[in-house]
Protein chains: 2
Amino acid sequence: MQDKITRILKAIADPTRREIFHALVVASTALPITQISNLFDISRQGVTKHIKTLEEAGLIHISNKGRERFCYANAEPLMEVNKWLKFYEKFWDNAIGNLESYLDDKA
Amino acid sequence: MQDKITRILKAIADPTRREIFHALVVASTALPITQISNLFDISRQGVTKHIKTLEEAGLIHISNKGRERFCYANAEPLMEVNKWLKFYEKFWDNAIGNLESYLDDKA
DNA sequence: TATATTTGCAACCATGTAGTTGCGTATTAA
DNA sequence: TTAATACGCAACTACATGGTTGCAAATATA
């Protein structure tokens with residue numbers, strides 16, 4: 001597709017994918033695809049597609065075991081988003097932002 | 001479209017929109033649309049569409065002045081993303097994450 | 001007043017995407 | 001060995017999206 005941060009942001013920009021990711025994070029154990037898809041209204045194939053997108057963003061890892069594919073969440077790529085956000089942090093509250101950039105200038 | 005966080009995430013998921021937003025943030029002054037579009041290879045109308053998306057996400061504010069529309073960046077909606085990320089922070093480094101959730105349990 | 005500039009609106013195109021169904025295959029259970 | 005389960009692949013549909021061009025309206029300048 002495109003660059004890393006874009007892949008990650010596109011992955012989490014979809015509400016269903018955020019839900020799938022969240023379900024896996026809180027499960028804190030690996031879940032096979034069918035079991036994940038049972039948690040949602042959409043078809044297994046629909047869920048599979050979302051999982052593929054999440055996997056390409058690095059937010060899910062998969063390990064095969066027999067006929068099942070166990071998915072588990074990996075939040076690490078979200079660091080990338082956090083890093084991107086970090087720069088704008090000083091701007092989202094102008095008062096604090098102006099103070100900080102003032103201090104940055106002094107430092 | 002859909003809910004707030006989704007609008008924001010979709011807005012920043014596009015690399016061109018991230019660039020436009022960034023240009024406005026660092027400009028630290030309001031810029032009319034034509035001037036913004038001169039910074040990019042795509043047409044003015046293409047930029048206008050991106051600006052509309054950014055505005056709907058709250059990341060840009062616009063004030064009309066004569067025939068010109070001055071756009072300025074507003075990073076505040078990114079707080080929403082930061083808040084969403086916050087929950088997963090404890091998971092993206094497992095070692096620290098496990099320690100923190102251990103401490104959370106104790107608290 | 002005539003002309004140039006800034007913009008919005010609408011139509012259009014190509015591609016991406018969220019979702020579906022159908023089918024074949026590998027693995028497990030009876 | 002037969003039946004059930006978990007899955008991938010492919011085709012298809014509907015709609016969203018990133019981008020374009022053309023044109024008309026409002027404002028500013030000559």
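A note on names: the letters A, B, ... follow the listed sequences, proteins ahead of strands, and every chain is numbered from 1. These numbers come from the heavy atoms of this one structure, side chains and all, not from hydrogens, waters or symmetry mates. Source: prediction; values computed, not measured.
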**Request:** Apply side chain to side chain contact (heavy atoms under 4.5 Å, CB included) to A:R44 and list each qualifying residue two or more places apart in sequence or on a separate chain.
**Result:** A:I33, A:T34, A:S37, A:T48
**Complete:** Residues at least two apart in sequence or cross-chain that pass side chain to side chain contact (heavy atoms under 4.5 Å, CB included) with A:A27, listed by chain then number, are A:T29, A:L31
**Request:** Provide the full list of ring-ring contact (aromatic ring centres under 6.0 Å, His included) pairs with a residue in residues 14-38 of chain B, sequence neighbours left out, each pair given once.
**Result:** A:F87-B:H22, A:Y88-B:F21, A:Y88-B:H22
**Fill in**
In short, the helix from C:dT1-D:dA30 to C:dA30-D:dT1 is bent end to end, axes from five pairs each side, to 10°, by 20°
**Message:** For A:T16, give me all partners under side chain to side chain contact (heavy atoms under 4.5 Å, CB included), at least two apart in sequence or on another chain.
**Reply:** A:D14, A:I20, A:I42, A:H50
**Request:** Among residues two or more places apart or on two chains, list those pairs meeting salt bridge (charged side-chain N to carboxylate O under 4.0 Å, His left out) that have a residue in residues 75-86 of chain A.
**Result:** A:K4-A:E80, A:E80-A:K83, A:K86-A:E89
**Item:** Proximity to DNA chain D (any heavy atom under 4.0 Å), residues of residues 31-46 of chain B only
**Value:** B:I42, B:S43, B:Q45, B:G46
**Item:** Shortest side-chain distance from B:R69, nucleotide among C:dG19, C:dG8, D:dC7
**Value:** C:dG8
**Request:** Please determine if a side-chain N or O atom of A:H50 lies less than 4.0 Å away from the OP1 or OP2 oxygen of C:dG19.
**Result:** yes
Distance-only check: which donor-acceptor pairs under 3.5 Å involve side-chain atoms of residues 57-73 of chain B, not counting sequence neighbours?
residue: B:N64; atom: OD1; partner: B:R69; partner atom: NE; Å: 3.3

Using the 3.5 Å cut-off, write out each protein N or O paired with an N or O of nucleotides 25-30 of chain C and the distance between them.
residue: C:dT27; atom: O2; partner: A:R67; partner atom: NH1; Å: 3.0

**Any pair counted as ring-ring contact (aromatic ring centres under 6.0 Å, His included), so long as it reaches residues 23-46 of chain A, sequence neighbours left out** = none
**Message:** What is the separation between atom CD on B:Q2 and atom P on D:dC15, rounded to the nearest whole Å?
**Reply:** 16 Å
**Message:** List the residues meeting side chain to side chain contact (heavy atoms under 4.5 Å, CB included) with B:R18, not counting sequence neighbours, and say none if there are none.
**Reply:** A:D3, A:I5, A:T6, A:L9, A:W84, B:I12, B:P15
